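On a predicted model such as this, the values are computed, not experimentally measured, just so you know. Within every chain, numbering begins at 1; the chains are lettered A, B, ... in the order of the sequence lines, protein sequences first and strands thereafter.
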2 protein chains.
Amino acid sequence: MDEGRTNLRWGIKRRLEFIEFRLFWEGHVNRSDIVNAFGVSIPQASTDLNRYLDIAPANMAYDKSAKAYVRGPDFSPRFLSPDADRYLAQLRSVSDGILDQGETWIGQLPGLGATPALVRSVNPKVLRAVIAAIRRGEALEILYQSMSQPEPRWRWIAPHAIGFDGFRWHARAHSEGDDTFKDFVLSRILETRAIRPATADGNADLDWIEDVVLEIAPHPGLSPSQQRTIALDYGMTEGKSKVRVRRALLYYALKRLGLDTAPDARRPQDQHIVLINRDEVDSLTHKREESV
Amino acid sequence: MDEGRTNLRWGIKRRLEFIEFRLFWEGHVNRSDIVNAFGVSIPQASTDLNRYLDIAPANMAYDKSAKAYVRGPDFSPRFLSPDADRYLAQLRSVSDGILDQGETWIGQLPGLGATPALVRSVNPKVLRAVIAAIRRGEALEILYQSMSQPEPRWRWIAPHAIGFDGFRWHARAHSEGDDTFKDFVLSRILETRAIRPATADGNADLDWIEDVVLEIAPHPGLSPSQQRTIALDYGMTEGKSKVRVRRALLYYALKRLGLDTAPDARRPQDQHIVLINRDEVDSLTHKREESV
DNA sequence: TGATTCGGTAAAGTTTCTATACCGTCACCG
DNA sequence: CGGTGACGGTATAGAAACTTTACCGAATCA
């Protein structure tokens with residue numbers, strides 16, 4: 001049933017996807033929408049709309065008084081599967097200033113609010129140098145402002161992965177000075193200099209490779225119905241859910257989930273969730289995992 | 001100096017941007033890269049590369065032994081400004097399963113790790129209904145699982161904005177039952193039903209419209225050099241930074257920044273930052289702002 | 001009523017793109 | 001050392017996409 005649709009040219013396929021995106025999310029689409037989004041001519045936009053009608057006649061109908069094509073009652077997408085998380089991720093990028101509205105396909109943005117991101121942005125050339133070192137398996141000399149030393153210092157690292165702790169981005173890297181694997185906060189890398197062949201293999205970074213499973217449950221101090229709501233929020237089945245996290249990120253994951261403080265630091269209705277297998281998890285946290 | 005570049009067709013411009021993206025981030029680009037990303041023919045990819053060379057001869061040169069075009073030493077982008085935050089946001093989306101690698105322009109993904117997102121995803125049709133109600137200024141009947149009641153219940157809301165608390169997405173809405181503005185967690189909306197004309201004006205939602213300014217500083221329990229590092233992380237000037245947040249999101253912002261607990265709930269080196277103007281902020285928090 | 005703004009169509013001409021064919025260079029490998 | 005494959009390039013013909021221009025109809029609104 002999908003014959004003919006795969007060998008459309010890339011640009012046309014994008015425009016048909018756009019038509020479908022607008023139909024799903026906004027319920028209507030116009031020639032001028034297509035003209036604005038892609039800079040094609042009006043007759044071309046007409047052609048696209050008719051091409052879409054050819055392919056999926058039930059998905060769209062022209063509404064004379066709305067002066068637009070509207071979504072049909074039996075709309076079923078052919079070019080994309082509507083994804084709320086993706087839509088919301090775009091909203092967030094717009095809110096964070098990462099994307100312009102024009103770069104999304106969202107026609108009319110709803111009012112938006114988000115908790116501020118707060119972190120300093122990463123220098124693109126620094127990021128590029130780190131990514132390149134990872135890709136080529138090289139060691140990289142960086143000017144790094146560490147927590148423990150007052151002045152930034154040049155040091156060699158051999159990065160093998162990129163990590164996100166919920167706030168900041170890290171290079172997961174072998175640190176030459178002390179022969180260990182650590183997290184280097186990307187925004188603390190002020191400059192990069194030389195490169196040389198790798199010094200260590202990322203596969204030796206067991207804290208990165210091995211996982212911990214966190215078992216999460218609603219806070220027992222909540223009423224049964226509150227617990228059920230929390231279970232719904234977190235998609236728990238049988239009152240708990242399991243989350244897999246790299247051991248190296250465990251410290252951050254607990255912090256981000258609010259599970260790093262004493263159980264009574266917050267009221268149950270603020271805390272929401274508890275860690276069931278804390279003993280097991282704690283036994284892995286003897287070594288404090290913090291970025292340098 | 002940018003003559004002729006604006007009236008290129010949309011698809012061609014995308015491909016030239018792609019060439020530039022790859023040059024900046026990976027340092028090289030190929031005919032086959034373009035063929036794989038856009039499904040064009042090999043001669044077309046040749047044409048594109050030569051067109052790019054025409055426009056920016058200094059940015060690219062063919063390296064015979066690498067069998068690819070490589071970034072020139074004086075590379076200066078013409079079609080996009082390299083943005084690390086955007087690159088990283090894409091990495092995160094890939095890590096969260098929101099994007100496929102093929103949908104990004106990143107050629108070779110670095111190893112990736114992130115703290116898990118953990119929240120249940122939002123139903124696209126529910127989101128669509130909420131967005132539509134916001135756009136059209138309508139009230140919407142929703143089946144909502146609240147914290148306070150054991151069973152989900154049908155209720156009317158008049159949403160006027162979408163909010164993100166760092167974990168979950170909300171509809172900011174006027175609640176008909178009690179004539180107040182509240183946050184409704186989108187994943188707790190199980191179904192939507194009727195719509196009717198708006199009942200309240202979003203402009204009356206003062207907690208949403210009015211802002212609070214949080215003044216953040218490094219934790220005083222840290223050593224001076226540690227404080228300086230934290231100041232760097234958060235882009236602070238003169239030892240502090242100000243963050244503006246909607247009053248309705250204040251509760252979540254404090255929680256997300258780890259500023260919702262007693263000052264001694266964490267060690268300084270775990271806490272990192274403190275809120276300087278807590279008194280001022282607390283005076284606004286007497287009304288506990290939590291989603292229903 | 002007339003202007004505007006949607007929608008549509010058609011024809012001619014330009015640009016883009018594919019398919020095909022053929023060539024050159026470099027690195028690798030038997 | 002020569003063959004092979006994977007890059008790069010070019011040229012041509014023909015198809016497809018797209019623009020420009022022109023003109024039409026229906027609905028809405030002042």
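- Applying the 4.0 Å criterion to OP1 and OP2 of D/dT10, one finds that B/Arg31 has every side-chain N and O outside that range.
- Using the six-membered ring where Trp is involved, A/Trp105 and A/Phe18 have ring planes that are perpendicular, over 60° apart on the 30 and 60° scheme.
- Here the side chains of B/Trp25 and B/Ile106 are not in contact, with every heavy-atom distance at 4.5 Å or above.
- With rounding to whole Å, A/Lys13 atom NZ is found 16 Å from D/dA16 atom C1'.
- The pair B/Asp211-B/Arg246 does not count as a salt bridge, with every side-chain nitrogen at least 4.0 angstrom from each carboxylate oxygen.
- One can place NZ of A/Lys64 at 5 Å from P of D/dA27, the figure rounded to the nearest angstrom.
- The separation between A/Ile42 atom CD1 and D/dC24 atom C1' is 15 Å, rounded to whole Å.
- When each of C/dC26, D/dA11, C/dC17 is scored by its nearest atom to the side-chain atoms of B/Ser65, the top-ranked nucleotide is C/dC26.
- Listed for the A/Arg15 side chain is no donor-acceptor partner under 3.5 Å among the backbone atoms of A/Phe38.
- Listed by first and then second residue, the salt bridge (Lys or Arg N to Asp or Glu O under 4.0 Å) pairs involving residues 20-46 of chain B are A/Arg135-B/Glu26, B/Arg22-B/Asp33 (not counting sequence neighbours).
- In this structure, B/Arg51 places its CZ atom 11 Å from P of C/dT15, rounding to the nearest Å.
- The CG-P distance, from B/Leu8 to D/dC18, rounds to 15 Å in whole Å.
- The residue A/Ile12 sits close only to the backbone: its heavy atoms come under 4.0 Å of sugar-phosphate atoms, none of a base.
- Distance A/Gln44 CD to C/dA11 P: 17 Å, rounded to the nearest Å.
- Residue A/Val40 places its side chain closer to D/dT19 than to any other of D/dT19, D/dA17, C/dT18.
- Separating the CZ atom of B/Arg15 from the C1' atom of C/dT18 is a distance of 12 Å, rounded to the nearest angstrom.
- Nearer the 5' end of DNA chain D, as judged by each residue's closest nucleotide, is the contact made by A/Gly39, out of A/Tyr62 and A/Gly39.
- Taking the six-membered ring where tryptophan is involved, the planes of A/His160 and A/Phe181 are perpendicular, since the angle between them exceeds 60° and thus also 30°.
- Taking 4.0 angstrom as the limit, B/Asn50 places none of its side-chain polar atoms (N or O) nearer than this to OP1 or OP2 of D/dG8.
- Between A/Asn30 and C/dG7 there is a side-chain N or O to OP1 or OP2 distance below 4.0 Å.
- If you take CG of A/Asp33 and C1' of C/dT5, they are 14 Å apart, rounded to a whole angstrom.
- Contact annotation: the side chain of A/Val122 never approaches that of B/Tyr87 to less than 4.5 Å [non-hydrogen atoms, C-beta and beyond].
- Note: B/Phe75 and B/Phe24 have tilted aromatic rings, judged against thresholds of 30 and 60 degrees for the angle between ring planes.
- Helical stems in DNA chain D, defined as runs of 3 or more consecutive Watson-Crick or G-U wobble pairs with donor-acceptor distances under 3.5 Å: C:1-30 with D:1-30.
- An OP1 or OP2 oxygen of D/dA16 is reached within less than 4.0 angstrom by no side-chain nitrogen or oxygen of B/Arg9.
- Judged by distance alone, with hydrogens and angles left aside, A/Lys67 brings a side-chain donor or acceptor within reach of the base of C/dT5, the pair sitting under 3.5 Å.
- Each of D/dC18, C/dT16, C/dT9 was ranked by its minimum atom distance to the side chain of A/Pro43; first place goes to C/dT9.
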